[in-house]
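Here the structure is a predicted model, which is why all the values come from computation and not from measurement. Whatever order the structure lists ligands and atoms in, that order sets their numbers, starting from 1.
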Amino acid sequence: MKTTDVKAYSNGKENGVRLFVCKSYDALSAKAAAIVSGEINKKANFVLGLATGTSPIGLYTELARLNDEGKVDFSRVTTYNLDEYYPIDAENDQSYRYFMNKYLFNKVNINMDDTHLLNGRAPDPEAECRAYDEAIVNAGNIDLQVLGIGCNGHIGFNEPGDKFIMGTHLVELTENTIEANSRLFNSADEVPRHALSMGIGAIMNAKSIVLVANGKNKAKAVKDALEGEITPYCQASILRLHKNVVFVIDEDAASELTEYKPL
Ligand code: GLP
């Protein structure tokens with residue numbers, strides 16, 4: 001990665017979200033992987049929060065490469081993923097468990113028992129959600145949470161609405177999200193109508209957060225998150241109340257920002 005491929009921006013506010021705008025998806029993935037692996041290397045028994053979606057695939061590929069080269073060690077990393085469809089079987093190739101195994105867990109030296117996702121077949125979703133929150137607290141909370149962002153500003157499956165929900169919960173997906181995610185299924189009919197999602201509480205309790213976003217279709221969500229009102233109608237906007245957030249995005253995703261200037 002050339003240093004000129006990544007530029008740091010600031011909106012001049014103290015404690016503001018730190019922003020890196022990258023020339024390409026590869027530069028974005030390399031920058032995000034450098035941040036994540038740097039943090040993992042600083043602390044034993046690291047608790048890593050993970051996201052699915054197409055945005056972090058490059059980050060995971062790069063982390064696997066760094067692991068292969070001995071530059072980051074996952075043997076003492078515990079992971080908690082943000083969300084899972086409901087209902088869905090773990091073996092289904094559209095499940096987020098399948099995704100994580102494919103893009104990261106099968107490629108690094110992580111102990112599979114230390115990788116946690118919500119159970120898409122939990123008989124009692126409410127109990128599953130409570131147990132998940134308890135497990136995260138018992139692990140000492142998340143050290144670093146990786147996030148993507150939905151076109152409607154969702155993080156995990158915390159959909160736009162009139163409130164921020166703190167705990168892990170069962171979500172009814174919006175038509176907008178079902179439509180957006182249908183590109184990965186044979187048809188929109190096959191997209192599960194519900195999901196289990198970590199709430200805003202566990203995300204905001206993470207010690208640091210790295211959000212990745214690329215493409216023009218994310219520009220409005222990024223603009224609303226960083227420069228709009230802090231409102232549950234753009235769930236990602238709450239990240240501005242966190243003290244240690246980095247957005248690593250490409251030029252297209254940054255194209256609607258007006259308040260950030262190069263450092
Ligand atoms: C999905 C996931 C989110 C993800 C978002 C964006 O629905 N639940 O965690 O960040 O949508 O996905 P993508 O990166 O594919 O655009």
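- Listed for the Glu159 side chain is no donor-acceptor partner under 3.5 Å among the backbone atoms of Val171.
- Each of the atoms 1 (C), 2 (C), 7 (O), 8 (N) of ligand 1 lies under 4.0 Å from some heavy atom of Tyr96.
- Here the heavy atom of the protein found nearest to atom 12 (O) of ligand 1 is Gly53 CA, 3.9 Å.
- Heavy atoms of Ala51 found under 4.0 angstrom from ligand 1: none, in either backbone or side chain.
- Only the side chain of Arg183 comes within contact range of ligand 1, with a heavy atom under 4.0 Å; no backbone atom does.
- Taking atom 4 (C) of ligand 1 as the reference point, the nearest protein heavy-atom neighbour is Thr52 O, 3.9 Å.
- Counting heavy-atom neighbours within 6.0 Å of Tyr98 OH, excluding the residue itself, gives a total of 12 or less.
- Proximity of Asp83 to ligand 1, defined as any heavy-atom pair under 4.0 Å, is confined to the side chain (atoms from C-beta onward).
- A ring-centre distance under 6.0 Å is found for Tyr85 and Phe185.
- Put simply, the side chain of Glu179 does not reach to within 4.5 Å of the side chain of Thr177, judged on heavy atoms.
- Ring-plane geometry between His154 and Phe157 is classed as perpendicular, the angle between the planes exceeding 60 degrees on a 0 to 90 degree scale with a lower cut at 30.
- Ring centroids of Phe74 and Phe105 are separated by 6.0 Å or more, keeping the two rings apart.
- With respect to the salt-bridge test (charged N to carboxylate O, under 4.0 angstrom), the residues Lys43 and Asp143 qualify.
- Salt-bridge check for Glu256 with Lys220: failed, with every basic side-chain N at 4.0 Å or more from each acidic carboxylate O.
- Of the protein's non-hydrogen atoms, Ser55 OG, 2.4 Å is the one closest to atom 14 (O) of ligand 1.
- For ligand 1, the atoms closer than 4.0 angstrom to any heavy atom of Gly148 are 10 (O).
- Here is the list of ligand 1 atoms found below 4.0 Å of a heavy atom in His154: 1 (C), 3 (C), 5 (C), 7 (O), 11 (O).
- Applying the 4.0 Å criterion to heavy atoms of Lys218 picks out, from ligand 1, the atoms 6 (C), 13 (P), 14 (O), 16 (O).
- The shell of residues lying under 4.0 angstrom from ligand 1, judged by heavy atoms, includes Gly156.
- The distance from ligand 1 to the heavy atoms of Ile149 drops below 4.0 Å at these ligand atoms: 6 (C), 10 (O).
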